[in-house]
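Sequence lines set the chain letters: A, B, ... in the order given, protein chains first and strands last, and positions in each chain run from 1. Every value quoted in this text rests on a predicted model; they were computed, and no experiment measured them. Just the heavy atoms: all of them, side chains too, but no hydrogens, waters or symmetry mates, feed the values below.
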Amino acid sequence: MKASAGFSFQPPRHRFNPAAADIYLMRGVLFDAEYVDETREMRLWLKSGERVFSAVEGSFIPRFFVEGEDPEKLARVVEKIEIRENGRIIRPVSVRTVEMKRLGNTVKVLEVVPEQPKDIQTLRRFIREMPGVRQIYNYDIPVSKHYLISCGLTPMDGAEVEGEMRGSEVILSAPPKPVRLAVPKLSMISFDIEVYNPAGSPRHEKDPIMMIGLAGDDGFRRVLTWRRFPTKLDFVEVLESEKKMIERFVEIVRERDPDILLGYNTDFFDFPYLRERARILKVKLALGRDGSEIVARRRKFATATRVRGRIHIDVFAMVDFLATIGSIRLVHYTLENVYKYLLGKDKPDFEFTKFVEAWEKGGEAWERLLVYNLSDAVAALELGHELLSLFLELSKIIGQVPFDVVRMTPGQMVEWLLIAEGFRRDELIPARPVAETYEERLEETYTGAYVMEPVRGLHENIVVFDFRSLYPSIIVTHNIDPSTINCSCCAGTGERVPDLPYHTCRRRRGFLPEVVEKILKARFDVKKRMKDLDRGSHEYKQLNAKQWALKIIANSFYGMLGYPKARWYCKECAESVTSFGRHYIKWTIRMAEEAGFRVVYSDTDSLHCLLNGKSRNEALK
DNA sequence: AACTGGCGGGG
DNA sequence: GTGTACGCCAGTT
Ligand SMILES: [Mg+2]
């Protein structure tokens, strides 16, 4: 089947039974996926041209694996498990022995299929205590992520769905299939609230929301408020009360129906506050595409708000990510600072201590507050627009939905990529470490990072070499992987790691080096394609976002290896990477000094050297 | 001066 | 996945 432009809508195809409902075959770009616990339904959100539709699957059951001393014997015991819990008997639906891989080695394990996704934890806790059980795998992968990975679906790429139509949703009659499809334009609306704050910090139980600013990527501009001071500003819409204002906000979002809803710090402030006010005022925050209310999801320190059928992006989360990887360096990541830094533009500011006066007295300050509120919504929109392509590319590379990707750390991104790549190779997915393992890993000491005693004084004309960029290729070239480090097959014959009693395998290629190489190759190809393109073209910018995303992912493998909560944590691997890095640095220092440069400082991953009147290009040689 | 602990972003 | 990191500042000793 060929994808048509716009909505790829196929004529009904009758099955053998003419009485059966019409079966539709549709294609769209997958932009969100969610599992709903209560209904046990998996829902995919897709867009094709202008049309948005969803696909529902009610029968997906993730499976997990058990490694034991005697798989056949273990299987006979596990299939008889019956656990009574809340008046229900929990038992595996199917237990069989299968061949899987653990870091490239074939292992015979049990595949256990539960009756319901939530039974996994009960069964796993029971099986863990059984004699002869060594490891359990694939049990801690959230259902919606498990579903996408098992189906091989990639967000921000196409999916072909087949099933009966019910309104604008497809009831899946077969597993969705991945297809290649270009991302259609995603519409965006940004919003920002300003809150009455006589006590300094707003208290949600008594301090009302004064106004809600909205900005759409179609040029839509609006400020909703419920204070009737005279103003000539044409974007202002005055409502009767705070309650009416929130209801109007919901109405506008539903009417304009954006694919992406965004703001600055909305996870931490705007949505939680809006939610509390809506609860007190008895307004349903039914912002979902299916009319559903927003859902606050607890995660790390804030809550992430899910809006069904739309991608809620907190631009601050994107900015925070860029700060952690060192792409942005600011002291304070305020909207104003970030806007100035990334887009080079100033925006109006308003002292939050002056909000109360403006709200009570009106006049010039009131109008400035309205303008300020809109400018916040516009700034978040522009920033979101600027950063979107990077995060959509990251989403496509690692195979997780944009909603999650914009809130992930670099280490998490690498891990999801490895999980997806692991599935493709029938690799068993190690569980996230339990608290005890984590503590142990924290205790482990690392061989000291290299720091050269700096040459004191104020140096000018310095050139800095950053060796972190070498880490991905070090992993590939020296085959650094949890399965290849100090392998028993190459004891004495493997590749020696400089200054450490470690070696890497020469006989088998590691899982990580394979994945890193794939990423590096993809980036190389993208950069090659970019050479023939006009720098101002849309395609160039798209490819640039892709190569940047690939670079971020490649550079994050090393960090993941040393992160004690990582599934593929490997202290020896991380040490080996930096050791090879240091080896190259020392070699470079020697070369630099022989060429007449003076090295003034060097640490684990950088080299600072004086130009001594030579040019930058000479230094690069 | 050297330390510890908490915070950031929003209003 | 109540899964980050790390520089800065205020408040100690
Ligand atoms: Mg604001």
[X] [atom1] - [N] [atom2] separation (whole Å):
X        : N      : atom1 : atom2 : answer
A:Met211 : B:dG11 : CE    : P     : 11 Å
A:Asn373 : B:dG11 : CG    : P     : 8 Å
A:Gln412 : C:dA5  : CD    : P     : 11 Å
A:Leu330 : C:dC6  : CG    : C1'   : 15 Å
A:Met413 : C:dT4  : CE    : C1'   : 12 Å
A:Asp349 : B:dG11 : CG    : C1'   : 12 Å
A:Asp320 : C:dC6  : CG    : C1'   : 11 Å

* To do: Measure centre to centre between the rings of A:Tyr137 and A:Phe65, then say whether the value is under 6.0 Å.
  => no
* Asked: Are A:Tyr35 and A:Phe60 close enough that their ring centers fall under 6.0 Å?
  ->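 That pair fails the under 6.0 Å test.
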Within the structure shown, what part of the strands sits under 4.0 Å from [X] by heavy-atom distance: base, sugar-phosphate, or nothing?
X        : answer
A:Gly411 : nothing
A:Lys145 : base
A:Phe355 : sugar-phosphate
A:Trp416 : base

* To do: Keeping to residues at least two apart or across chains, list the salt bridge (Lys or Arg N to Asp or Glu O under 4.0 Å) pairs with something in residues 548-557 of chain A.
  => none
* **salt bridge (Lys or Arg N to Asp or Glu O under 4.0 Å) contacts in which one or both residues fall within residues 378-399 of chain A, not counting sequence neighbours** =>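 Listed by first then second residue: A:Lys345-A:Glu382.
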* **Contact list for residues 402-424 of chain A, test ring pair (Phe, Tyr, Trp, His ring centres under 6.0 Å), sequence neighbours left out** => A:His146-A:Phe423
* **For A:Phe220, all residues meeting ring pair (Phe, Tyr, Trp, His ring centres under 6.0 Å), sequence neighbours excluded** => none
Using residues 190-201 of chain A as the side-chain source, report each donor-acceptor pair under 3.5 Å to any protein atom, sequence neighbours left out, with the distance given to one decimal.
{"residue": "A:Ser190", "atom": "OG", "partner": "A:Ala377", "partner atom": "O", "Å": "2.6"}
{"residue": "A:Asp192", "atom": "OD2", "partner": "A:Asn373", "partner atom": "ND2", "Å": "3.2"}
{"residue": "A:Glu194", "atom": "OE2", "partner": "A:Asn373", "partner atom": "ND2", "Å": "3.0"}
{"residue": "A:Tyr196", "atom": "OH", "partner": "A:Glu360", "partner atom": "OE2", "Å": "2.4"}
{"residue": "A:Asn197", "atom": "ND2", "partner": "A:Gly200", "partner atom": "O", "Å": "3.4"}
{"residue": "A:Asn197", "atom": "ND2", "partner": "A:Phe352", "partner atom": "O", "Å": "3.2"}

* **Reading 5' to 3' through nucleotides 5-10 of chain B, protein heavy-atom contacts under 4.0 Å coded B for base, S for sugar-phosphate only, - for none** => ----BB
* 5' priority, DNA chain C, between A:Ile419 and A:Thr324 [closest heavy atom] -> A:Ile419
* To do: Tell me which of A:Pro142 and A:Arg329 sits closer to the 5' end of DNA chain C, going by the nucleotide each one is nearest to.
  =>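 The residue whose closest nucleotide sits nearer the 5' end is A:Pro142.
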* To do: Using the P atom as the reference point in each nucleotide, state the distance between B:dG9 and C:dC9 in Å, no decimals.
  =>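 Comparing P positions in B:dG9 and C:dC9 gives a spacing of 12 Å.
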